[in-house]
There are 2 protein chains.
Amino acid sequence: MDLRLKQQATAITELTFDLLRCCEAKEKLFAKDHGLKVAEFRCLRIVEAGKSYSVQELASSMHLSPSRLTRIIDGLFAEKLVDRVQSIEDRRFAKISLTNKGQTLVGKLKEEYADLHGEMLKDISVTDRDKIHDGISLMQGLVSTWLVKNA
Amino acid sequence: MDLRLKQQATAITELTFDLLRCCEAKEKLFAKDHGLKVAEFRCLRIVEAGKSYSVQELASSMHLSPSRLTRIIDGLFAEKLVDRVQSIEDRRFAKISLTNKGQTLVGKLKEEYADLHGEMLKDISVTDRDKIHDGISLMQGLVSTWLVKNA
DNA sequence: ATGGTATTTTTGCCTTTAGCAAAGAAAAAG
DNA sequence: CTTTTTCTTTGCTAAAGGCAAAAATACCAT
């Protein structure tokens with residue numbers, strides 16, 4: 001095995017690990033500040049206004065089990081942030097979508113979460129921001145592909 | 001607020017979010033394959049052979065509470081992967097260090113976890129690997145700094 | 001010395017996160 | 001019209017994690 005690859009892999013392993021810990025802490029703080037459980041925030045973050053989703057769709061895009069999603073949706077439903085209706089075409093499917101209240105909240109959430117990142121990024125150069133974007137984008141693609149093959 | 005910054009922040013927010021989900025799934029798989037709980041793997045991953053750590057040190061570098069660390073260490077201790085002795089200079093402190101068995105395991109763990117990343121990285125160019133390295137390194141620094149100020 | 005305060009870790013208790021396996025409900029296949 | 005498959009939910013359990021109080025020790029005053 002290529003020595004250079006090994007060195008790079010080791011360094012990236014370490015960095016990714018540290019980044020992960022920090023980002024989890026960041027998410028936890030943000031969710032708490034907005035009165036949400038982390039799982040709820042993560043779920044709301046991926047649903048777009050106007051669209052509707054099956055439990056499965058949400059589960060797989062969050063890398064969680066369907067049963068876990070049922071509970072998360074229970075919570076959001078109880079807070080009237082999402083609607084849950086049976087699909088008419090195939091009544092096995094649930095159609096999960098944002099309520100008006102949910103849409104308002106999600107809009108605010110996305111806005112403020114992006115602002116939080118804007119705050120972190122504001123003192124570095126546009127070039128460095130692009131480096132972050134490109135690096136993370138590449139890595140995300142790799143891990144995502146790896147997961148599909150190995151999970 | 002700068003429009004360019006806002007766009008970049010939004011994109012990076014999204015990418016980081018996705019990367020986080022994927023990396024968590026990756027860690028979970030890896031830990032499971034090695035018969036470890038995720039928390040145990042995460043803890044072992046940061047202790048170096050020969051060094052000793054207080055509960056606090058481990059807690060803060062893992063962004064967890066000391067009480068949580070006590071439990072994680074309980075588990076590792078039960079499996080004879082770490083030693084836990086009272087510090088002689090200040091007997092309030094615990095000194096956590098790897099046993100021989102622990103050192104062997106951690107060595108293997110680090111090696112294999114780096115190999116896993118090597119596997120992901122092997123088909124892209126050296127330049128792209130450097131981009132990943134630099135991007136994640138920058139981001140890690142930013143989030144880390146942000147956390148210190150805001151937590 | 002000794003009583004009070006601060007620090008470090010542990011313990012008890014609770015919440016949150018998560019999955020598995022079985023049950024329910026509906027569609028599709030035979 | 002039964003059997004099989006698919007999607008979601010429910011019951012149960014485990015893992016992850018924090019808070020507050022307790023326990024043990026160190027550090028200070030006086």
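Heavy-atom basis, side chains included; hydrogens, waters and symmetry copies ignored. Chain letters run A, B, ... following the sequence lines, proteins first, then strands; residues in each count from 1.
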Closest-nucleotide 5' rank along DNA chain D - winner of A/K32 and A/S67: A/S67
May I ask you to decide whether B/E24 forms a salt bridge with A/R42, counting only side-chain N to carboxylate O separations under 4.0 Å? yes
Under-4.0 Å salt bridge between A/R84 and A/D74: yes
Phosphate contact (D/dT6 OP1 or OP2) by A/Q56 side-chain N/O below 4.0 Å: no
Inspect the contact between A/K131 and B/D130 and indicate whether a charged nitrogen and a carboxylate oxygen are less than 4.0 angstrom apart. no
Which of residues 73-95 of chain B sit near DNA chain C, with a heavy atom under 4.0 Å from it? B/R84, B/R92, B/F93, B/A94
Does B/K101 use its side chain to pair, donor to acceptor, with the backbone of B/E79 at less than 3.5 Å? yes
Please determine if A/R92 and A/D90 form a salt bridge, counting it only when a charged side-chain N lies under 4.0 Å from a carboxylate O. yes
Taking only heavy atoms on the protein side, list every residue of residues 33-44 of chain B lying under 4.0 Å from any atom of DNA chain C, sorted numerically. none
Quick check against the 3.5 Å criterion: does B/H117 have a side-chain atom that pairs as donor or acceptor with the backbone of B/Y113? yes
Figure out the CG/C1' separation between A/L58 and D/dT8, and round it to whole Å. 12 Å
Atom CZ of B/R21 to atom P of C/dT17: distance rounded to whole Å? 12 Å
Rounded distance in Å - CZ (A/R71) to C1' (C/dT16): 13 Å
When you check the gap from the basic side-chain N to the acidic O, do B/R45 and A/E14 get nearer than 4.0 Å? yes
Return the value, rounded to whole Å, for the distance between atom CD1 of B/I72 and atom P of D/dA16. 7 Å
Check this for me: does any side-chain nitrogen of one of A/E27 and B/R21 sit under 4.0 Å from a carboxylate oxygen of the other? yes
Over how many whole Å does the gap from B/M62 atom CE to D/dG18 atom P extend? 10 Å
